[in-house]
A.B. asks: 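I'd like to ask some things about the structure below.
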Amino acid sequence: MIFTVAIDGPAAAGKGTISKAVAARFGLAHLDTGLLYRAVGALVLAGADPVVAARTLNPADLEGDHLRTPAVADAASKVAVIPDVRLALVDFQRSFARRDGGAVLDGRDIGTVICPQAEVKLYVTASAERRADRRYQELVGKGLDVTPQGVLDDVRARDARDSGRDTAPLKPAEDAIIIDTSDLSIDEAVERAAAAIAAKWPL
Ligand code: DC
């Protein structure tokens with residue numbers, strides 16, 4: 001069975017949580033494509049050339065808690081602007097999307113560029129303030145030294161960079177279903193996504 005669920009949206013809108021939950025519920029493989037850009041960003045912070053890093057990325061590069069730090073998120077958003085970095089990551093994402101058994105991919109350009117033929121396209125968003133508040137709680141929970149204003153500034157800077165770039169900017173696909181999680185619980189958001197998938201489920 002080929003069945004792709006594309007879940008796009010800005011940072012900290014809840015894409016990751018929703019993606020994992022629906023992948024488990026429907027028995028689909030899941031790829032967090034942000035991790036690819038974070039891995040390239042981390043390699044660049046360690047001195048690598050971004051395009052070389054993207055072309056030679058290997059599974060071990062995708063491991064490690066360091067990929068979840070604000071510094072790596074910022075570096076990821078910067079390398080993601082480079083067209084050759086994006087190009088180097090396309091084939092892997094496309095073959096994952098069309099793998100047998102079905103897949104959920106979350107990112108910024110899955111429904112628009114990586115897999116425009118996806119059977120289900122969701123655009124998960126929330127206000128910058130709600131997203132920053134959630135990300136702040138998450139980072140504090142991990143023991144990181146951050147401030148609410150600093151996290152909000154980071155979220156806004158990443159939004160501007162991810163939406164403003166020329167290549168594959170963050171935007172909803174024309175046929176995407178928008179899920180605004182500003183005033184939804186995690187369970188409510190997951191149920192909306194699951195209902196959208198169930199409506200297109202092939203069996
Ligand atoms: O989803 P995330 O926060 O882990 O993504 C980190 C950065 O990677 C994000 O700011 C922009 C970039 N990215 C992208 O350009 N395209 C994707 N499909 C996924 C992430």
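For ligands, and for the atoms within them, numbers begin at 1 and follow the listed sequence.
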A.B. asks: Please report whether ligand 1 has a polar contact with Arg86, defined as an N or O pair separated by less than 3.5 Å (distance criterion only).
C.D. replies: yes

A.B. asks: So which protein heavy atom does atom 6 (C) of ligand 1 come closest to, and at what separation?
C.D. replies: Arg158 NH1, 3.4 Å

A.B. asks: May I ask whether Arg161 places a heavy atom under 4.0 Å from ligand 1?
C.D. replies: no

A.B. asks: Can you see whether Ser182 engages Asp180 through a side-chain donor-acceptor pair at a distance of less than 3.5 angstrom?
C.D. replies: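 Yes.
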
A.B. asks: Could you grab the distance from atom OG1 of Thr56 to atom CG of Leu43, nearest 0.5 Å is fine?
C.D. replies: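 Between Thr56 OG1 and Leu43 CG, I get 7.5 Å after rounding to 0.5 Å.
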
A.B. asks: Given Val72, Thr112, Asp154, Asp162, identify the one with the heavy atom nearest to atom 11 (C) of ligand 1.
C.D. replies: Asp162

A.B. asks: Would one find an N or O of Gln93, backbone or side chain, under 3.5 Å from an N or O of ligand 1?
C.D. replies: no

A.B. asks: Distance only, no hydrogens: is a donor on one side chain within 3.5 Å (strictly under) of an acceptor on the other, for Asp162 and Ser77?
C.D. replies: yes

A.B. asks: Of all the non-hydrogen atoms in the protein, which one sits nearest to atom 13 (N) of ligand 1, and at what distance?
C.D. replies: Tyr37 CD1, 3.6 Å

A.B. asks: Any atoms of ligand 1 less than 4.0 Å from a non-hydrogen atom of Ala80? List them with their elements.
C.D. replies: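 Listed by number with element, the hits are 12 (C), 15 (O).
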
A.B. asks: Any nitrogen or oxygen of Arg38 lying under 3.5 Å from a nitrogen or oxygen in ligand 1? Just yes or no.
C.D. replies: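 In this structure, Arg38 places an N or O atom under 3.5 Å from an N or O of ligand 1.
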
A.B. asks: So, applying side chain to side chain donor-acceptor pair (under 3.5 Å) with Thr181, which one of Arg131, Arg134, Arg192 is it?
C.D. replies: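 It is Arg134; the other options fail the test.
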
A.B. asks: Ignoring hydrogens and angles, tell me if any N or O in the side chain of Lys200 forms a donor-acceptor pair with the backbone of Val120 under 3.5 Å.
C.D. replies: no

A.B. asks: Is the shortest N/O to N/O distance between Arg108 and ligand 1 below 3.5 Å?
C.D. replies: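 Yes: some nitrogen or oxygen of Arg108 is under 3.5 Å from one in ligand 1.
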
A.B. asks: What is the nearest protein non-hydrogen atom to atom 19 (C) of ligand 1, stated with its residue, atom name and distance?
C.D. replies: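 That would be Thr33 OG1, 3.4 Å.
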
A.B. asks: Strictly by modelled atom types, are Arg86 and Tyr37 linked by a side-chain donor-acceptor pair under 3.5 Å?
C.D. replies: yes

A.B. asks: Would you call the rings of Trp201 and Phe3 parallel, tilted or perpendicular if under 30° counts as parallel and over 60° as perpendicular?
C.D. replies: perpendicular

A.B. asks: Answer side chain, backbone, both or neither: which part of Arg165 comes under 4.0 Å from ligand 1, heavy atoms only.
C.D. replies: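 The answer is the side chain of Arg165.
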
A.B. asks: Run the numbers for me: atoms of ligand 1, each under 4.0 Å from some heavy atom of Ala76, listed by number.
C.D. replies: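 So the atoms of ligand 1 that pass are 6 (C), 7 (C), 8 (O).
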
A.B. asks: Hey, is the main chain of Ile114 close enough, under 3.5 Å, to the side chain of Arg94 for a donor-acceptor pair?
C.D. replies: yes

